[in-house]
Undergrad: 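Take this structure, written in structure tokens, and hold onto it; I'll ask about it next.
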There are 2 protein chains.
Amino acid sequence: MKLQAPSHEEHAMPVDLRMTPQRSVVHEVLRSSFDHPTATEVFLRSKDRMSTISLATVYNCLDALIEHGLIRQVNVDRDSSRFCANLNDHVHFHCEQCGVMMDADPIEKLDVTKFWKLPQGCQVTEPAIAIRGLCPTCVDKNQKVASR
Amino acid sequence: MKLQAPSHEEHAMPVDLRMTPQRSVVHEVLRSSFDHPTATEVFLRSKDRMSTISLATVYNCLDALIEHGLIRQVNVDRDSSRFCANLNDHVHFHCEQCGVMMDADPIEKLDVTKFWKLPQGCQVTEPAIAIRGLCPTCVDKNQKVASR
DNA sequence: GATGAGATCAAGAATCATTCTAATTCAAAA
DNA sequence: TTTTGAATTAGAATGATTCTTGATCTCATC
């Protein structure tokens, strides 16, 4: 049973999602977080706003929000998934030392077929790009240690 | 205690690793596999050559081989890690439908700073790139289903 | 060849993120 | 108000990986 009018298929962001209090809280937590929290971190922050919410519900809400294009899931290696409410086209910079994750906005569109020879007959959906390195804080930290 | 002469630091592939029968088997399994098997798959294939080998040992051997640069670990999302004996510079194409993973060789080097605005002060180590899409087999399969 | 120290191996327990299950609650349509 | 399917919840289950511990092996030296 559809609870709201179905979204237009051609839109990137469907809206036929029942906005329950729990889903609102999870969404709001992510929209006010800039550090790409894990599910457990989202759960802890959600509890501040709704003390009865459970971890299972947070997982359910994250799934629903992802499915409806309201948030994005970010994976780097096999670390816990992280979540992100920035829907603009962007990739993630991941600090190998402290694990912090930062958004990096595109300058120009990458055509993967210009850079890699794909096996004959493949259909590309999307490249998954994570840029690894050291964040400014860790670069500083290492310099101080090195100069002692 | 060093068991063999230390490798030259400037070489990409250190060799001071004791090549035990178990490590040889795991390495050989990977060198003769072109499908990027998971640890469990490596374990099953290794048992054909050495029936007494354990999963724990396969994990230990994989770690040792990675640490010494003889194989590479490949992660896509939070799926089980896969392993790869192709040491040439390459990225991975991952089929979203059947999960198969294929190597894609580079045409030219990608300078990530040309394509994305990194946060001020970041030091880039390496981009982690996985290209998602449909493999030729799944493209075919879908066409047949669609044309019925 | 025997010995000792450290490396490696193996089995099973432990961990941890995530998913599943089943019972309960809720919200919108009839 | 009743019905019906969806959402929530707590806790169990899953599954990949890591840890622990004791046994075994290897090499350098005696």
Side-chain angles (χ1 to χ4, degrees), chain A residues 1-6 14-29 36-47 49-68 70-83 99 101, chain B residues 1-7 14-27 29 36-47 49-68 70-83 99 101:
Chain A
M1 188 208 321
K2 273 274 161 51
L3 296 162
Q4 298 184 21
V15 290
D16 58 337
L17 173 67
R18 191 197 283 174
M19 254 308 155
T20 66
Q22 288 82 352
R23 287 173 181 171
S24 284
V25 163
V26 168
H27 195 198
E28 185 47 44
V29 161
H36 303 80
T38 63
T40 303
E41 285 163 351
V42 172
F43 169 56
L44 293 174
R45 294 176 200 182
S46 297
K47 280 216 292 200
R49 300 174 194 232
M50 181 185 274
S51 61
T52 59
I53 201 169
S54 73
L55 179 58
T57 298
V58 168
Y59 271 104
N60 288 339
C61 292
L62 290 170
D63 281 353
L65 293 169
I66 290 165
E67 195 126 320
H68 289 78
L70 297 172
I71 62 170
R72 290 172 50 185
Q73 180 168 15
V74 187
N75 294 305
V76 173
D77 295 333
R78 284 189 39 88
D79 294 350
S80 304
S81 290
R82 294 174 174 275
F83 302 88
M101 192 174 279
Chain B
M1 193 209 317
K2 272 274 159 55
L3 294 164
Q4 298 185 20
S7 67
V15 290
D16 57 339
L17 173 66
R18 191 197 283 174
M19 252 310 155
T20 66
Q22 287 85 352
R23 286 173 183 169
S24 282
V25 163
V26 168
H27 194 197
V29 162
H36 303 80
T38 63
T40 303
E41 286 163 353
V42 172
F43 168 56
L44 293 174
R45 293 176 200 181
S46 298
K47 279 216 292 200
R49 301 173 193 232
M50 180 185 275
S51 61
T52 58
I53 201 169
S54 73
L55 179 59
T57 296
V58 168
Y59 271 106
N60 288 339
C61 292
L62 290 170
D63 281 352
L65 293 169
I66 290 165
E67 195 125 321
H68 289 78
L70 297 171
I71 63 169
R72 289 171 52 185
Q73 180 168 15
V74 187
N75 295 306
V76 172
D77 294 335
R78 283 190 40 88
D79 294 350
S80 303
S81 290
R82 294 174 173 276
F83 301 89
M101 194 175 278

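In what follows, every chain begins at residue 1, and chains take the letters A, B, ... in the order their sequences are listed. Keep in mind that what you see is a predicted model, and the values were worked out from it rather than measured.
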Undergrad: Show each protein N/O and nucleotides 17-24 of chain C N/O combination with a separation under 3.5 Å, one pair to a line.
TA:
unit_1, atom_1, unit_2, atom_2, d
dT18(C), OP1, Ser81(A), N, 2.9
dT18(C), OP1, Ser81(A), OG, 3.3
dT18(C), OP1, Arg78(B), NE, 3.4
dT18(C), OP2, Tyr59(A), OH, 2.6
dT18(C), O5', Tyr59(A), OH, 3.4

Undergrad: Specify the separation, in whole Å, of atom CG of Leu17(A) and atom P of dA28(C).
TA: 13 Å
Undergrad: Tell me: CD of Glu41(A) to C1' of dC16(C), nearest whole Å?
TA: 14 Å
Undergrad: Identify the residue among Ile53(A), Leu44(A), Thr40(A), Val29(A) that makes a side chain to side chain contact (heavy atoms under 4.5 Å, CB included) with Val58(A).
TA: Ile53(A)
Undergrad: Output the rounded distance in Å from CD1 (Ile53(A)) to C1' (dT9(D)).
TA: 10 Å
Undergrad: Would you say dC25(D) has OP1 or OP2 under 4.0 Å from some side-chain N or O of Gln22(B)?
TA: no
Undergrad: Tell me: CD1 of Ile66(B) to C1' of dT18(D), nearest whole Å?
TA: 14 Å
Undergrad: Quickly work out the Lys47(A) NZ to dT8(D) C1' distance and round it to whole Å.
TA: 16 Å
Undergrad: Please report the interatomic distance NE2(His36(A)) to OG(Ser80(A)), rounded to the nearest 0.5 Å.
TA: 15.0 Å
Undergrad: Output yes when at least one side-chain N/O atom of Thr20(A) is less than 4.0 Å from OP1 or OP2 of dC26(C), else no.
TA: no
Undergrad: Round to a whole Å and report the spacing from CE of Met19(B) to C1' of dC25(D).
TA: 17 Å
Undergrad: Heavy atoms under 4.0 Å, any strand shown: does Thr57(B) hit a base, just sugar-phosphate, or nothing?
TA: base
Undergrad: Tell me the interatomic distance from Phe43(A), atom CZ, to dC16(C), atom P, rounded to whole angstroms.
TA: 16 Å
Undergrad: Taking the side chain from Arg78(B) and the backbone from Asn75(A), do they hold a donor-acceptor pair closer than 3.5 Å?
TA: no
Undergrad: Ignoring backbone atoms, establish whether Arg18(B) has a side-chain N or O less than 4.0 Å from OP1 or OP2 of dT26(D).
TA: no
Undergrad: What is the distance from atom CG of Asp63(B) to atom OG1 of Thr57(B), rounded to the nearest 0.5 Å?
TA: 11.5 Å
Undergrad: Expressed as a whole number of angstroms, how long is the span from Leu65(B):CG to dT8(C):P?
TA: 11 Å
Undergrad: Could you measure the distance from the CD atom of Glu41(B) to the OG atom of Ser46(B)? Nearest 0.5 Å is fine.
TA: 11.5 Å
Undergrad: Do Met19(B) and Leu70(B) come within less than 4.5 Å of each other through their side chains, counting heavy atoms only?
TA: yes
Undergrad: Return the nearest nucleotide to the side chain of Ser54(B); candidates are dA10(C), dG6(C), dA7(D).
TA: dA10(C)
Undergrad: Roughly how far, to the nearest 0.5 Å, is CD of Glu67(A) from CG of Leu17(A)?
TA: 9.5 Å
